Amino acid sequence: MSVFPAVAHAPAARSPIKVLVADDSAVVRGLVSRWLGEAGHEVVATAPNGRAAVDALARCNPDVVLLDIEMPELDGIQALPLILAKQPGVQVVMMSTLTQRNADVSLRCLALGAVDYIPKPESNRGVTTSDGFRNDLIERIRVFGAARARRRPAPTAVETAASATPAAPAVSRLSGTVTLRPKPRTVAPPRVLLIGSSTGGPRAVGEVLEKIGAATLRRLPVLIVQHMPPVFTAVFAEHLGARIGLPAAEGKADERIQPGRIYVAPGGRHMRLSGSAADTVIRLDDGPPVNFCRPAVDVMFLDAAALYGGATLSVILTGMGSDGTAGARALVEAGGTLLAQDEATSTVWGMPGSVAKAGLCHAVLPLPEIGPALRSAIAERV
């Protein structure tokens with residue numbers, strides 16, 4: 001099963017998306033080239049290693065580079081900065097098998113400027129027979145090729161800047177109509193911070209938490225659902241802990257949550273909450289995917305709304321699909337505060353765009369402003 005939200009494939013654009021495929025396997029290069037061609041995209045070059053990929057950039061000018069991590073001569077993490085330096089703005093998507101080492105390398109690549117990663121089956125036979133890998137690959141090429149073509153401008157100044165906190169939200173300019181919810185007349189002190197994210201999320205989550213700061217985050221628990229496969233979520237939690245300076249790990253069954261700790265939903269399992277606001281326990285659920293996702297943001301949000309009511313502070317960051325919208329509705333109807341990332345700074349404005357367009361947000365902010373806004377909200381209300 002794919003760990004990413006399923007999105008209906010739109011017809012290919014009139015100008016095909018140009019792709020460079022770098023993988024040491026001739027079988028993988030051939031299959032991926034055929035799949036992308038059938039989807040209406042154009043593979044402008046293939047490369048058996050990172051060095052060949054770097055050398056091919058000038059003559060083929062791709063919109064997207066599919067870059068395998070494990071290659072001879074020059075591997076993916078070595079080639080990535082060279083590719084970005086030689087062709088700024090190109091969208092680089094890493095491909096890697098599901099190992100702890102590759103999960104660690106993939107997350108390091110995101111920090112270095114790759115836009116996303118795709119888990120790859122371990123064998124060529126697995127690649128050949130995996131519909132999930134094929135569909136994820138085609139969808140990401142469509143999304144990131146379109147992002148490259150748009151060449152979105154840098155985030156604009158906010159239109160309303162009385163304050164960057166949810167109590168008096170700043171609103172960035174957006175394409176499309178977004179209605180903000182008025183702030184609640186009475187705001188309960190937040191007892192938990194909830195974060196939902198998907199494509200582009202690892203880098204965004206790290207930036208948000210870093211800007212809130214460890215001192216402020218020690219006041220409440222942080223619960224995160226990031227759409228990721230198993231293995232990757234454990235490594236993602238380790239990276240967050242090292243970056244923020246707080247204990248961070250995958251949530252464990254029957255674990256009681258504590259302030260000053262970061263809990264990441266484990267890949268392939270829903271992270272549910274039970275008990276009470278004063279004594280909340282994590283429950284792991286192997287039930288069906290929700291919004292084509294497991295873990296799903298909606299599952300955690302709905303449980304948090306029932307337990308904490310208005311004492312929630314929540315944010316939806318970049319990601320495909322609409323996971324989190326139903327749960328966000330429950331949170332704000334219970335009196336909680338919800339922020340969302342704006343379109344200009346989102347890798348994909350699917351999840352945050354869905355809650356924004358539904359009128360559920362108290363603020364829609366550029367990524368650099370979200371951490372300070374949350375920090376102010378926590379500091380003022382605790």
Side-chain angles (χ1 to χ4, degrees), residues 4 16-37 39 41-128 130 133-134 136-145 147-149 199-200 202-203 228-229 231-232 235-236 239 347:
F4 299 105
I17 295 165
K18 297 186 293 183
V19 185
L20 188 160
V21 180
D23 195 292
D24 62 337
S25 167
V27 172
V28 172
R29 295 197 303 271
L31 281 172
V32 169
S33 297
R34 190 185 78 199
W35 293 340
L36 296 180
H41 308 310
E42 179 184 1
V43 175
V44 291
T46 63
N49 57 60
R51 178 64 62 194
V54 173
D55 292 343
L57 285 174
R59 69 174 183 270
C60 68
N61 190 29
D63 300 308
V64 181
V65 175
L66 288 173
L67 188 62
D68 190 27
I69 285 178
E70 296 177 310
M71 294 183 292
E73 189 173 340
L74 197 69
D75 64 21
I77 195 168
Q78 294 170 320
L80 174 63
L82 301 178
I83 290 171
L84 294 176
K86 194 167 185 178
Q87 191 167 340
V90 68
Q91 309 287 288
V92 181
V93 179
M94 309 305 296
M95 297 190 294
S96 67
T97 53
L98 291 174
T99 66
Q100 185 168 357
R101 176 190 175 277
N102 284 345
D104 180 75
V105 172
S106 294
L107 292 175
R108 287 164 58 196
C109 287
L110 295 183
L112 290 172
V115 293
D116 203 6
Y117 62 89
I118 299 176
K120 187 173 69 172
E122 293 185 8
S123 66
N124 287 342
R125 185 176 185 278
V127 171
T128 303
S130 175
F133 174 63
R134 180 180 186 273
D136 286 341
L137 185 71
I138 293 171
E139 183 59 25
R140 268 143 188 76
I141 295 300
R142 184 188 69 80
V143 168
F144 295 122
R148 168 74 164 159
T199 309
R203 184 175 57 168
M228 274 183 165
V231 180
F232 275 66
V235 176
F236 174 51
H239 280 229
T347 304

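Only a predicted model underlies this, so the values are computations on that prediction, with no experimental measurement involved. Heavy atoms only: backbone and side chains are in, while hydrogens, waters and symmetry mates are out.
- The CD atom of Glu70 sits 7.0 Å away from the CG atom of Asp68 when rounded to the nearest 0.5 Å.
- A salt bridge does not link Asp63 to Lys18: none of the charged nitrogens lies less than 4.0 Å from a carboxylate oxygen.
- For the atom pair CZ of Arg134 and CD1 of Ile118, the computed distance is 13.0 Å after rounding to the nearest 0.5 Å.
- One finds the CE atom of Met71 at 12.0 Å from the OG atom of Ser25 (value rounded to the nearest 0.5 Å).
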Exercise for the section: Output, in order, the C-alpha distance, side-chain angles, deciding distance and verdict of side-chain contact (heavy atoms from CB on, under 4.5 Å) for Val93 and Leu67. Expected result: CA-CA 6 Å; Val93 179; Leu67 188 62; over 6 Å; no
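- Taking all atoms of both residues into account, the shortest heavy-atom contact from Val64 to Val90 is N-CG2, 4.3 Å.
- Minimum heavy-atom separation, Asp75 to Ile69: CB-O, 3.1 Å.
- Distance check, rounded to the nearest 0.5 Å: CD of Glu122 to OG1 of Thr97 gives 5.5 Å.
- The heavy-atom pair separating Met94 from Val92 by the smallest distance is SD-CG1, 3.9 Å.
- The two residues Pro229 and Pro119 make their nearest non-hydrogen contact at CG-CG, 3.7 Å.
- Using modelled atom types, one side-chain atom of Gln87 and one backbone atom of Pro62 make a donor-acceptor pair closer than 3.5 Å.
- Taking the six-membered ring where tryptophan is involved, the planes of Tyr117 and Phe232 are essentially parallel, since the angle between them stays under 30° and well short of 60°.
- Counting heavy atoms from C-beta outward, Asn61 and Val44 have side chains that stay 4.5 Å or more apart.
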Show me the donor-acceptor pairs, under 3.5 Å and distance only, between side chains in residues 104-111 and residues at least two apart or in other chains.
residue, atom, partner, partner atom, Å
Asp104, OD1, His239, NE2, 2.7
Ser106, OG, Ser96, OG, 3.1
Ser106, OG, Asn102, O, 2.8

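- Summarising the local packing, CZ of Arg29 is surrounded by more than 12 heavy atoms from other residues, nucleotides or ligands at distances under 6.0 Å.
- Taking 4.5 Å as the limit, some side-chain heavy atom of Phe133 sits within range of a side-chain heavy atom of Met95.
- For the pair Asp55/Arg51, a side-chain contact is recorded, criterion being any heavy-atom separation below 4.5 Å from C-beta on.
- Residues Lys120 and Val127 form a side-chain contact, since some pair of their non-hydrogen atoms from C-beta on lies under 4.5 Å apart.
- Looking at heavy atoms from C-beta onward, Val32 lies in side-chain contact with Leu137 at the 4.5 angstrom threshold.
- His41 and Ile17 make their closest contact through CB-O, 3.6 Å (heavy atoms, listed as atom of the first residue, atom of the second, distance).
- The structure places SG of Cys60 at 9.5 Å from CD of Glu42, a figure rounded to the nearest 0.5 Å.
- A distance of 9.0 Å separates CD of Glu139 from OG1 of Thr199, quoted to the nearest 0.5 Å.
- Side-chain contact between Val65 and Leu57 is present, with heavy atoms from C-beta onward closer than 4.5 Å.
- Residues Asn49 and Asp24 have side chains not in contact (no heavy-atom distance under 4.5 Å, counting atoms from C-beta outward).
- No side-chain heavy atom of Asp23 sits under 4.5 Å from any side-chain heavy atom of Pro48.
- Phe236 approaches Pro202 most closely through the heavy-atom pair CE1-CA, 3.6 Å.
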